[in-house]
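Source: prediction; values computed, not measured. The sequence lines fix the lettering, A, B, ..., with proteins before strands; numbering per chain opens at 1.
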Protein chains: 2
Amino acid sequence: MNPDMASAFVNPRFEDVVELFRRSLAEGMVMILVGECSVEYKGRGVASLESGSRIVIAKPDGSLLIHAATSVEPVNWQPPGSKLEIRIEDDNLVLSSTRKAPYENVIARFISLSLVAVCKLEIKPRFKVEIGEEAIREAVLAEPSLIEDGFKPISIEKPVEVGFIDLYGLDRDGRLVIVELKRVKADVEAVEQLKTYMDSLTDSYGSVRGILAAPSITYKAYMKLKEFGLEYRKIDIAKCISILTSRRRQQRKLGEYYGDKS
Amino acid sequence: MNPDMASAFVNPRFEDVVELFRRSLAEGMVMILVGECSVEYKGRGVASLESGSRIVIAKPDGSLLIHAATSVEPVNWQPPGSKLEIRIEDDNLVLSSTRKAPYENVIARFISLSLVAVCKLEIKPRFKVEIGEEAIREAVLAEPSLIEDGFKPISIEKPVEVGFIDLYGLDRDGRLVIVELKRVKADVEAVEQLKTYMDSLTDSYGSVRGILAAPSITYKAYMKLKEFGLEYRKIDIAKCISILTSRRRQQRKLGEYYGDKS
DNA sequence: GCCTAGGTCCCGTTT
DNA sequence: AAACGGGGCCTAGGC
């Protein structure tokens, strides 16, 4: 079988899996196991899973994933940098993945295997684009009226004692405005975060306005916001995206014009 | 091939995969694909991934996972309840997973496939044990000296205006003690949470002690704690676990004695 | 290494 | 269905 491609074996013998592991994982391949296993975890917490049918994926970076039939989240896992060992013990195929600092160990005990597969995945990361909070900030900087007419952003990510302010600037009357941006519905925590920033600034700056900018806000959060004398500004995410895409299109044109290939 | 077990095909034809999908996913099976694909996501955000070698897992609950060679987290995914469609388009194998409310869609376009596998995983959930914040609370209730000698817990989860207090009680001098429990290293947020609870109680109760109980605490959090006049108490998680296991062993014995099979 | 902030967080539980 | 809290959150970026 072409070693650059995948190999797969149905109902493999445990001995063959151990052998396959030695030959493939060392070569930076991914190994996929399907079968009945129990799982024990010890480390930051403890967890113990009775035997059940699961998919186990061992990646070349040391990540280990144990998935059941449902859910996006693995029922158990081990982070990158962990070291995997495979052995046969009491007629079971035992995978033991360990990392130190903090010490963590996962042991999966297979009583039966219906499938093992190995395959090579290129590690080189590919290009990825995303719209996140950072992108919304970009959009507001490009179009400050998204916050309010006359708003002039001064800088982003001003460090204050307690953390980082998303965005701040001056309103049309020259008053300092602190803006907390949220990509999703704002909750009480977002309000408290803004309040904390406000408190740490009013000491030194006197009157400051605080604006929570988000696509929506929970009822409790809105009540708390009013109680604190802060303001809510609805942000249209779709508008942010269209602002960004048109802006990025222009930048690309500029880049091409100047021969910028970065 | 036994339909209850796994089937796997190396370098499958796209047509066969479409056929396999129709026969297996309907039967509550999991499908695993390995190959070169690009990914587009639109929904709560936007993301776009250049073509690269990836593992795609489609679960019977509608979850879709797209994994690359590294990391525990999928590079892209779709939550349970999504609906998967597979078709051939422009000589590519196209997976499209959609959910509504909120609308989200992931499209994976395979230009090549090195492996496809299907397997049946029982869905029935199995027993799972964990040490969480709740378990630590149990341990402290069983052994209050974990907080300090002479500490007497009164009740748990006292509702206050701002939320729930993890634990409270009286110290040896009869003073009210509010305890904030953390399973992991306590950060500034934990301190602020405790402070918030303190504030909402000192109004009505006068002098109250506040204790942050955690296995460790960040430097900044400790500074803030001192600033607020609160106290830190180191919790030994291992000790909590041993207290719980011995306690649960006793309970099991009691249960057996009374014929309790729950 | 520790710490901070964000996430298409996911997920269970409560309202 | 929305909201809230917890997580072995994970991961990326600073320092």
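No side-chain donor from either of B:Tyr197 and B:Glu180 sits under 3.5 Å from a side-chain acceptor of the other. In this structure, a donor-acceptor pair under 3.5 Å is absent between the side chains of A:Ser97 and A:Asn105.
As judged by a 4.0 angstrom heavy-atom cut-off over every strand, B:Val46 is placed among residues making no nucleic acid contact. Here B:Glu104 lies in heavy-atom contact (under 4.0 Å) with a base. Nucleic acid contact class of B:Lys42 (heavy atoms, under 4.0 Å, all strands): none. Within 4.0 Å (heavy atoms only), B:Lys182 reaches no atom of the nucleic acid at all.
B:Lys239 has no carboxylate O lying under 4.0 Å from a charged side-chain N of B:Glu143, or vice versa, which leaves the two without a salt bridge. A salt bridge is absent between A:Arg54 and A:Glu36; no separation between the charged side-chain nitrogens and carboxylate oxygens falls under 4.0 Å. A salt bridge links A:Glu130 to A:Lys128: one of the charged nitrogens lies within less than 4.0 Å of a carboxylate oxygen. Taking 4.0 Å as the cut-off between side-chain N and carboxylate O, B:Lys224 and B:Glu227 do not count as a salt-bridged pair.
Contact annotation: A:Lys220 side-chain N/O to C:dT15 OP1/OP2 distance is not under 4.0 Å. Proximity of A:Arg44 to the phosphate of D:dG7: no side-chain N or O atom is located under 4.0 Å from OP1 or OP2. Of the side-chain N and O atoms in A:Thr218, one or more sit less than 4.0 angstrom from OP1 or OP2 of D:dC4.
Against DNA chain C, the stretch residues 77-84 of chain B makes heavy-atom approaches under 4.0 Å through B:Trp77, B:Pro80.
With the nearest nucleotide of DNA chain C identified for both A:Lys128 and A:Lys100, A:Lys100 has the one nearer the 5' end.
Checked against D:dC4, D:dG7, C:dG6, the side chain of A:Glu133 finds its nearest nucleotide in C:dG6.
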